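These notes are about the structure you will find just below.
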Amino acid sequence: MPPVPTSVLSDGTIRELVAAGRIAIDPWDPGMIQPASVDLRLGDSFRVFHNHRTSAIDLRDPPGNLTEEVVPAPGEPFVIHPGEFCLGRTLEWVRIPNDIVARIEGKSSLGRLGLIVHATAGFCDPGFEGTLTLELNNLTRVPIKLYPSLPIAQLSFMALDRPAETPYGSPGLGSHYQGQRAATESRYEGRPAPADQQ
């Protein structure tokens with residue numbers, strides 16, 4: 001069977017799918033729609049790393065309790081210092097249907113100020129629901145003040161050739177972040193190396 005064409009969804013299609021309840025974005029603001037994406041705002045939950053708690057991050061046995069949640073007081077900024085990496089979250093809670101994938105990307109204007117919004121976690125599986133965790137990194141030599149509710153990223157959507165057979169959140173899939181509401185630390189499960197590689 002030849003492949004079915006897929007495409008990035010346009011602003012009009014995004015509006016239609018949100019109106020039909022197929023894509024959920026809460027709170028929903030139609031003014032946040034861009035030509036082929038939706039702007040997302042920064043939430044008020046951050047996780048900062050405590051480097052003194054471990055000598056190294058061993059991916060075969062990942063350490064727990066590496067981060068601590070920080071919630072700024074209303075109206076107060078969260079300051080990310082030069083070279084610092086922390087986790088944040090979107091204000092919006094999203095739900096992706098089983099026949100669409102989404103990608104979260106940083107906003108160009110913020111990237112030009114030295115703020116990276118995601119290091120690797122830009123892909124949102126079909127079936128995902130929850131807020132989106134942001135991997136924030138300050139590449140500059142000066143602190144950056146982040147304020148909850150400011151536009152921080154954009155979410156684009158692409159149609160699958162057919163609905164996923166095992167969407168994110170399916171039983172037995174090990175979907176660690178389904179339903180998350182706060183910035184969520186890594187739930188990576190290390191796998192032991194084969195005996196001949198130890």
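Every value quoted in this text rests on a predicted model; they were computed, and no experiment measured them.
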Quick one: do L91 and V117 end up in the same hydrophobic cluster if we chain Ile, Leu, Val, Met, Phe, Trp and Tyr together by side-chain heavy atoms under 4.5 Å apart?
no
Rounded at 0.5 Å granularity, tell me how far OG in S10 sits from CZ in R15.
8.5 Å
Smallest separation among heavy atoms of M158 and V8, with atom names:
CE-CG2, 3.6 Å
Spacing of N138 atom CG and L136 atom CG [to the nearest 0.5 Å]
10.0 Å
Is there side-chain contact between V94 and F128, with at least one heavy-atom pair below 4.5 Å?
yes
Looking only at heavy atoms, which two atoms of D11 and Q34 are closest? And how far apart?
CB-O, 3.3 Å
Over 60° means perpendicular and under 30° means parallel, so classify the ring planes of F85 and F49, tilted if in between.
tilted
Do F78 and K145 have side-chain heavy atoms sitting under 4.5 Å apart?
no
Are L40 and I14 co-members of a hydrophobic cluster defined by side-chain heavy atoms under 4.5 Å apart?
yes
Just verifying a value: how many Å separate M32 CE and Q154 CD, rounded to the nearest 0.5 Å?
10.5 Å
Between atom CD of E16 and atom CD1 of I23, what is the distance when rounded to the nearest 0.5 Å?
10.5 Å
Is E84 close to V79 at the side-chain level, that is, under 4.5 Å between some pair of heavy atoms?
no
For G114 against T140, the heavy-atom pair lying closest together
CA-CG2, 3.6 Å
Any side-chain heavy-atom pair of L160 and V101 under 4.5 Å
yes
For the residue pair P148 and L146, what are the closest heavy atoms and their distance?
CD-O, 4.0 Å
Would a hydrophobic clustering, with Ile, Leu, Val, Met, Phe, Trp and Tyr connected at side-chain separations under 4.5 Å, put W28 with I104?
yes
Output for pair (L155 CG, I96 CD1), nearest 0.5 Å, gives 5.5 Å
Give me the atom names and distance for the closest heavy-atom approach of P77 to P72.
O-CB, 4.1 Å
For residues V142 and H81, determine if any side-chain heavy atom of one lies less than 4.5 Å from a side-chain heavy atom of the other.
no
Once you round to the nearest 0.5 Å, how far does OG1 of T90 lie from CD1 of I152?
10.5 Å
Testing the basics here: between Y147 and L42, what is the closest heavy-atom pair and its distance to 0.1 Å?
O-CD2, 3.8 Å
With F157 via ring pair (Phe, Tyr, Trp, His ring centres under 6.0 Å) - residues at least two apart
none
Side chain to side chain, R47 and C86, heavy atoms closer than 4.5 Å
no
Give the intermediate values and the outcome of side-chain contact (heavy atoms from CB on, under 4.5 Å) for residues L87 and E135.
CA-CA 5 Å; L87 302 175; E135 301 164 336; 4.1 Å; yes
Step by step, would you call L17 with I100 a side-chain contact (heavy atoms from CB on, under 4.5 Å)?
CA-CA 11 Å; L17 292 175; I100 290 175; 3.7 Å; yes
